[in-house]
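Predicted model only: the values in this text are computed from it and were never measured. Order of the sequence lines fixes the chain letters, A, B, ..., with proteins taken first and strands second; residue numbering starts at 1 for each chain.
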There are 2 protein chains.
Amino acid sequence: MERPGTWQAIRAEALRRMRAGDWPPGERIPDEAELAAEFGCARATVNRALRDLAEAGLLERKRKGGTRVPLTPVRKATFEIAIIRRDVEGRGQRHGYRLIEDALRPPPEAVRTALGWEGGAMRHVTALHLADDRPFVLEDRWLNPALVPADRVRFETVSANEWLVRNIPYSSGDIGFLARPADASAARWLGCDAGAALLAIERTTRSEAGPITFVRLSYAPGHRMEAML
Amino acid sequence: MERPGTWQAIRAEALRRMRAGDWPPGERIPDEAELAAEFGCARATVNRALRDLAEAGLLERKRKGGTRVPLTPVRKATFEIAIIRRDVEGRGQRHGYRLIEDALRPPPEAVRTALGWEGGAMRHVTALHLADDRPFVLEDRWLNPALVPADRVRFETVSANEWLVRNIPYSSGDIGFLARPADASAARWLGCDAGAALLAIERTTRSEAGPITFVRLSYAPGHRMEAML
DNA sequence: TAGTGGTCTAGACCACGTA
DNA sequence: ACGTGGTCTAGACCACTAA
């Protein structure tokens with residue numbers, strides 16, 4: 001348990017009151033000044049606790065409107081997006097890597113629109129990641145050749161996934177989860193039947209210097225991504 | 001842009017320095033006192049900015065060890081988990097709901113272990129959610145009959161998903177994403193071929209009073225979940 | 001317009017973990 | 001042992017927005 005008077009203790013007590021029904025859904029709770037007086041702490045401490053709950057979707061706060069317990073809370077689930085090698089090693093398995101293709105190709109329309117790509121050919125890199133010698137995830141990536149030139153950056157031993165995180169970090173972009181049937185290529189490399197259900201992550205990455213990359217990671221059948229609530 | 005001297009402005013400047021290479025990966029950055037002096041603000045303001053970046057995985061902070069730019073940052077992607085009706089309505093579509101089954105059954109082994117269920121039969125509720133009259137997601141749920149008794153709580157018009165959020169909120173549990181092939185039942189209700197790749201969310205929910213529910217939401221083919229980075 | 005949360009300050013003490 | 005981040009305080013002003 002947290003020592004009393006800390007913001008964690010106040011957060012825990014607020015959660016308890018919500019679960020116990022003292023602060024029922026839809027109701028407005030006492031304002032920060034009142035709670036600070038009740039708990040015998042500074043208002044900033046109450047603020048820290050309630051702000052934390054609000055960020056988790058468990059409270060709704062508005063200036064002048066006060067703080068309310070939402071009728072239908074929108075919880076947040078967070079996934080940790082690490083580089084694939086660390087992900088595999090974190091499972092206690094040995095990471096393997098195999099480059100499949102690295103070539104200049106005109107990107108498909110979906111990639112053009114996702115990245116807002118105006119140019120011609122992009123660098124298409126395909127690679128397989130293994131966990132204990134078994135197929136783990138297929139990396140299918142389109143790179144801006146101006147930012148990641150093929151004559152200077154090679155992906156034979158270090159995956160594009162890892163190179164990008166190390167060299168063009170802290171960029172912005174979108175990320176989405178979907179399920180897709182394995183096509184012939186995915187089935188071959190992942191060692192599953194064509195049409196098998198694959199969990200896939202699609203991610204676009206941009207910087208101020210323009211589009212960087214679009215990648216689709218297709219995981220071997222049965223893969224499961226755990227989130228923290 | 002943020003007004004200078006705010007914690008958002010300091011966070012933005014820190015991000016800029018990381019992207020620009022002023023604070024390269026692996027390096028230790030100045031401590032809070034130094035930055036506060038540089039930016040002409042209180043240390044608490046710097047703390048707020050750097051703590052925010054650390055929570056996003058963009059910095060690593062340790063007492064005595066200082067603050068470092070991680071070599072391979074572990075980014076966090078967050079999904080908003082709303083009730084299904086709101087999810088559908090948020091897409092500008094009309095939500096429909098159809099109860100398929102509500103019966104007492106012995107749960108499969110996977111459900112027993114996921115929930116830590118020691119008893120016998122559980123309440124099995126299956127329902128289909130629709131968006132503009134088209135299948136949206138199949139809800140396959142196992143409920144603790146002691147906490148959600150069939151003679152008192154009915155799911156003909158209000159889904160179990162919504163009832164639980166409104167009546168047993170703020171509980172803890174796990175959540176996981178996976179892809180699975182549509183079985184005969186899923187194919188029938190979702191209107192797709194058997195074996196089609198479905199994105200599924202599995203969620204277990206517990207309270208101090210014991211296991212509450214295990215649910216698997218299987219989305220219609222093509223569904224995509226967008227996350228915020 | 002007035003009430004409430006959002007934020008900043010200057011100072012203090014504490015907890016953790018490195019050296 | 002000691003340096004650094006984690007947190008609390010008391011007070012202040014500001015920004016948003018509901019009344």
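The overall bend of the helix from dT1(C)-dA18(D) to dT18(C)-dA1(D), read as the angle between its terminal helix axes built from five base pairs each, is 20° when rounded to 10 degrees.
A heavy atom closer than 4.0 Å to some atom of DNA chain D occurs in Arg61(B), Lys62(B), Arg63(B), Lys64(B), these being the qualifying members of residues 52-64 of chain B. Listed in residue order, the members of residues 27-34 of chain A having a heavy atom less than 4.0 Å from DNA chain D come to none.
Inter-residue side-chain proximity for Val125(B) and Leu143(B) is flagged as met; some heavy-atom pair is nearer than 4.5 Å. Put simply, the side chain of Thr45(B) reaches to within 4.5 Å of the side chain of Ile10(B), judged on heavy atoms.
The ring-ring contact (aromatic ring centres under 6.0 Å, His included) analysis of residues 24-81 of chain B, with sequence neighbours excluded, yields the pairs Phe79(A)-Phe79(B), Phe177(A)-Phe79(B), Phe79(B)-Phe177(B). Note on residues 61-72 of chain B: pairs passing salt bridge (charged side-chain N to carboxylate O under 4.0 Å, His left out), not counting sequence neighbours, are Glu32(B)-Arg61(B). Pairs passing the side-chain hydrogen bond (donor to acceptor under 3.5 Å, both in side chains) check and including a residue from residues 20-29 of chain A, sequence neighbours excluded, do not occur. Applying the ring-ring contact (aromatic ring centres under 6.0 Å, His included) test to pairs two or more places apart or on separate chains, those with a residue in residues 210-229 of chain A are Phe136(A)-Tyr219(A), Phe136(A)-His223(A), Tyr219(A)-His223(A).
Arg85(A) and Ser159(A) are not linked by any side-chain donor-acceptor pair at a separation below 3.5 angstrom, with hydrogens and angles left out of the test.
With sequence neighbours excluded, the residues forming a ring-ring contact (aromatic ring centres under 6.0 Å, His included) with His95(B) are His129(B), listed by chain and number. For Arg123(A), the side chain to side chain donor-acceptor pair (under 3.5 Å) test picks out Asp102(A), with sequence neighbours left out. By the salt bridge (charged side-chain N to carboxylate O under 4.0 Å, His left out) test, Glu208(A) pairs with no residue at all, sequence neighbours left out.
Boundaries of the chain A contact region on DNA chain D are dT7(D) to dA18(D), first to last in 5' to 3' order (nucleotide atom under 4.0 Å from a heavy atom).
Looking at Arg86(A) and Glu89(A), no side-chain N of the basic residue comes within less than 4.0 Å of a carboxylate O on the acidic one, giving no salt bridge.
Residue contacts shown for Arg48(B) are limited to sugar-phosphate atoms, with no base heavy atom under 4.0 Å away.
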Which side-chain N or O atoms in residues 49-58 of chain B pair as donor and acceptor under 3.5 Å with protein atoms at least two apart or in another chain?
{"from": "Arg51(B)", "atom 1": "NE", "to": "Asn47(B)", "atom 2": "OD1", "distance (Å)": "3.4"}
{"from": "Asp52(B)", "atom 1": "OD2", "to": "Arg11(B)", "atom 2": "NH1", "distance (Å)": "2.6"}

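Residues Thr45(A) and Gly66(B) both approach DNA chain D. Their nearest nucleotides, taken by heavy-atom distance, put Gly66(B) toward the 5′ side. Nearer to the 5' terminus of DNA chain D, by closest-nucleotide assignment, is the contact made by Gly40(A) (compared with the other of Gly40(A) and Gly65(A)).
In this structure, CG in Asp174(B) is found 3.5 Å from OG1 in Thr204(B), a value given to the nearest 0.5 Å.
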